[in-house]
> 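The structure is given below, and queries will be raised subsequently.
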Amino acid sequence: MRLRDFPEEELFLQGSAACQGCPGSAALRVAFKALGRETILCVIASCTSVLQSPFPVSALNLPTLNMAFATGGATASGLTAAADRLVARGTFKEKPTILVWAGDGGTYDIGIQALSGAAERNTDFIYVCYNNEAYSNTGTQRSGATPYAAWTSNTTRGKDEWRKDVAQIMVAHGVPYVATASLAYPTDMYRKFAKAKEIKGTRYIEIQAPCPPGWKFPSAHTIKVARMAVQSGMWMLYEHEGGKTTYTAGTQRIIQGQSKLLPVEEYLRAQGRFRHLFSPEKDEERIGEIQGRINHIFETLQFTHKMKEHIMDIELAPPR
Amino acid sequence: MPKRKKKDEEEEIGFVTTLSVPGEGSVGLTGSWRIFIPVLDEGKCNKCLLCWIYCPEACITKDIRIDYDYCKGCGICAEECPSKAIVMEKEEKKE
Ligand SMILES: Cc1ncc(C[n+]2csc(CCOP(=O)(O)OP(=O)(O)O)c2C)c(N)n1
Ligand code: SF4
Ligand code: SF4
Ligand SMILES: [Mg+2]
């Protein structure tokens with residue numbers, strides 16, 4: 001799919017309450033283009049609750065339910081059961097796509113129980129986590145998705161812990177489709193949404209969403225920071241189906257040796273939330289720890305790629 | 001749901017809804033947020049559509065026209081344009 005083939009219709013309408021350079025609105029635009037009008041949206045308490053604008057006008061041109069923080073998976077289970085009934089009765093000709101849109105706080109921390117339950121039941125819906133790596137809407141508090149050493153309003157010298165990885169937790173659930181996406185790679189993201197739309201069962205897509213006020217970079221740099229995240233290996237693009245992971249776009253190019261990893265220092269320097277790693281003096285230790293982890297992951301993947309190419313075709317057993 | 005008779009007062013009260021309707025400009029003309037304004041040089045534009053897809057506000061049409069009523073001036077289009085066809089300029093605001 002090339003950009004010129006993307007539908008022109010906008011289901012995210014201009015003049016919303018979103019901040020300048022908002023990654024949430026940018027992600028909604030691409031997702032809505034790929035999923036189309038036959039979609040019922042459930043928004044979990046997050047910046048998206050706010051950026052759709054206050055009553056009585058909404059920037060979201062889809063039937064939308066605004067739901068409580070912990071309820072993404074549960075709401076989807078209800079919606080999809082109702083939609084199945086309406087199809088059986090003939091009220092709906094076809095079943096609409098049920099889409100849950102939640103932040104990382106609403107996914108990694110507070111919504112994971114309901115999400116896990118829905119995934120285990122293979123509930124027929126798409127769950128999107130747009131991951132701005134903090135509770136942005138309430139003033140940038142740390143979440144389970146905040147990366148190591150990042151400033152948030154309650155990790156003022158940088159977070160001590162490493163982030164968890166909910167996409168991998170979803171892979172472990174054995175759901176039919178798990179993918180990660182980046183705003184800087186819209187054709188990759190569009191393709192993943194279009195593919196997810198055609199699959200039945202629980203589908204999980206996580207989009208990294210660099211947040212200008214939360215991560216402290218100029219609003220013009222949202223896409224640039226998203227791109228650097230992929231180029232430096234801090235964010236990885238892949239899709240997982242049928243027990244097999246395929247790396248895509250920028251991440252695939254690094255693994256296959258067509259491009260080199262960007263030193264993570266450049267990614268960190270582009271954001272004010274890592275400023276304490278560079279001033280008053282450079283924190284070689286923590287920067288080195290982050291680079292070390294990335295190197296380890298990519299060396300392993302590059303090695304496996306070479307093995308696959310030259311020696312044998314390794315197929316991992318599908319889960320369960 | 002089990003069937004039951006409605007009480008009289010229930011019918012009188014009815015219900016209140018907080019249903020929003022979709023519309024452009026849900027918080028008004030957000031072009032007023034702008035400090036810098038994106039200016040397009042059509043001669044340099046190669047219609048690659050990157051600014052169209054990257055603009056978070058859907059303020060650039062597919063035939064590359066910028067809607068200044070709603071453009072918030074974030075600068076992403078100028079930053080991402082590979083042909084440098086868009087530049088951000090300080091906007092003179094008319095009162
Ligand atoms: C049970 C509950 N606790 C707290 C809140 C307040 N609250 C609303 S949105 C939000 C932050 C959400 O963070 P995240 O899910 O990452 O979304 P983001 O704002 O970053 O888009 C919080 C704490 C709430 N709505 N409900
Ligand atoms: S400055 Fe931002 S809001 Fe305005 S047209 Fe460019 S990308 Fe869109
Ligand atoms: S990004 Fe630049 S070259 Fe591409 S369509 Fe927009 S203005 Fe034209
Ligand atoms: Mg968040």
Side-chain angles (χ1 to χ4, degrees), chain A residues 2-30 32-33 41 50-66 183-187 189-190 209-210 212 217-227, chain B residues 1 16-39 45-82 84 86-91:
Chain A
R2 295 162 311 171
L3 283 182
R4 64 184 68 257
D5 303 322
F6 282 25
E8 199 164 348
E9 187 182 35
E10 296 296 343
L11 295 169
F12 179 75
L13 305 173
Q14 303 163 297
S16 73
C19 302
Q20 290 153 308
C22 173
S25 350
L28 285 166
R29 280 191 66 215
V30 178
F32 287 179
K33 280 182 189 299
L41 174 65
V50 180
L51 64 84
Q52 62 185 260
S53 303
F55 177 79
V57 188
S58 167
L60 303 174
N61 194 4
L62 283 176
T64 303
L65 284 101
N66 283 292
L183 295 175
Y185 300 81
T187 44
M189 177 149 112
Y190 185 100
F217 59 78
S219 62
H221 291 178
T222 303
I223 304 296
K224 182 176 135 184
V225 170
R227 187 178 301 114
Chain B
M1 211 163 87
V16 179
T17 168
T18 50
L19 210 56
S20 287
V21 288
E24 278 179 8
S26 43
V27 290
L29 296 176
T30 47
S32 65
W33 299 13
R34 214 167 40 227
I35 296 168
F36 294 94
I37 183 168
V39 180
C45 169
N46 63 18
K47 299 267 194 279
C48 69
L49 298 178
L50 285 173
C51 58
W52 170 67
I53 201 64
Y54 284 143
C55 169
E57 278 301 311
C59 280
I60 303 181
T61 58
K62 219 173 169 180
D63 54 357
I64 317 300
R65 287 184 207 292
I66 301 169
D67 187 335
Y68 292 116
D69 283 345
Y70 295 115
C71 160
K72 292 174 181 170
C74 69
I76 288 179
C77 52
E79 178 73 29
E80 294 301 323
C81 173
K84 305 253 175 291
I86 304 178
V87 288
M88 300 304 289
E89 290 175 4
K90 184 85 193 280
E91 185 171 10

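Convention: sequence-line order gives letters A, B, ...; per-chain numbering from 1. All of these numbers come straight from a predicted model, not from anything done at the bench.
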> Which region of B:Cys71, side chain (C-beta onward) or backbone (N, CA, C, O), has a non-hydrogen atom less than 4.5 Å from a non-hydrogen atom of chain A, or is it both or neither?
neither

> Is there a side-chain contact between B:Leu49 and A:Arg4, using heavy atoms and a 4.5 Å cut-off?
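The answer is yes, as the side chains (C-beta and beyond) meet within the 4.5 Å cut-off.
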
> Using every non-hydrogen atom in the two residues, find where B:Tyr54 and A:Arg227 come nearest and quote the distance to one decimal.
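So the two residues come closest at OH-NH2, 3.6 Å.
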
> Measure across A:Gly15 and B:Glu57 and return the closest heavy-atom pair with its distance rounded to 0.1 Å.
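Looks like N-OE1, 3.4 Å.
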
> Do the side chains of A:Ser16 and B:Lys72 get nearer than 4.5 Å, heavy atoms only?
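Yes, their side chains come closer than 4.5 Å.
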
> Shorter than 4.5 Å, heavy atoms on both sides: which option in A:Ala18, A:Ala26, A:Cys22, A:Ala59 has the most such pairs with chain B?
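The residue among A:Ala18, A:Ala26, A:Cys22, A:Ala59 with the greatest pair count is A:Ala18.
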
> With chain A, which of B:Gly25, B:Gly75, B:Ala58 has the greatest number of heavy-atom pairs at distances under 4.5 Å?
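Ranked by contacts with chain A, first place is B:Ala58.
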
> Where is the tightest heavy-atom contact between A:Ile223 and B:Glu80, given as atom of each residue plus distance?
CB-OE2, 3.4 Å

> Which heavy atom of B:Trp33 sits nearest a heavy atom of A:Gln20, and at what distance?
O-NE2, 3.8 Å

> Could you look at A:Leu28 and say if it's the side chain, the backbone, both or neither that has a heavy atom under 4.5 Å from chain B?
neither

> Heavy atoms, side chains only, cut-off 4.5 Å: are A:Leu13 and B:Ser26 in contact?
no

> Using a cut-off of under 4.5 Å on heavy-atom pairs, state which of A:Cys19, A:Gly24, A:Ser58 scores highest against chain B.
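Looking at each of A:Cys19, A:Gly24, A:Ser58 in turn, A:Ser58 comes out on top.
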
> Where do B:Pro56 and A:Ser25 come nearest, in terms of heavy atoms and distance?
O-CB, 3.2 Å

> Return the minimal non-hydrogen interatomic distance between B:Trp52 and A:Glu10, and the atom names on each side.
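Residues B:Trp52 and A:Glu10, closest heavy atoms: NE1-OE2, 3.9 Å.
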
> Is there side-chain contact between B:Val27 and A:Pro54, with heavy atoms separated by less than 4.5 Å?
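They are in side-chain contact.
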
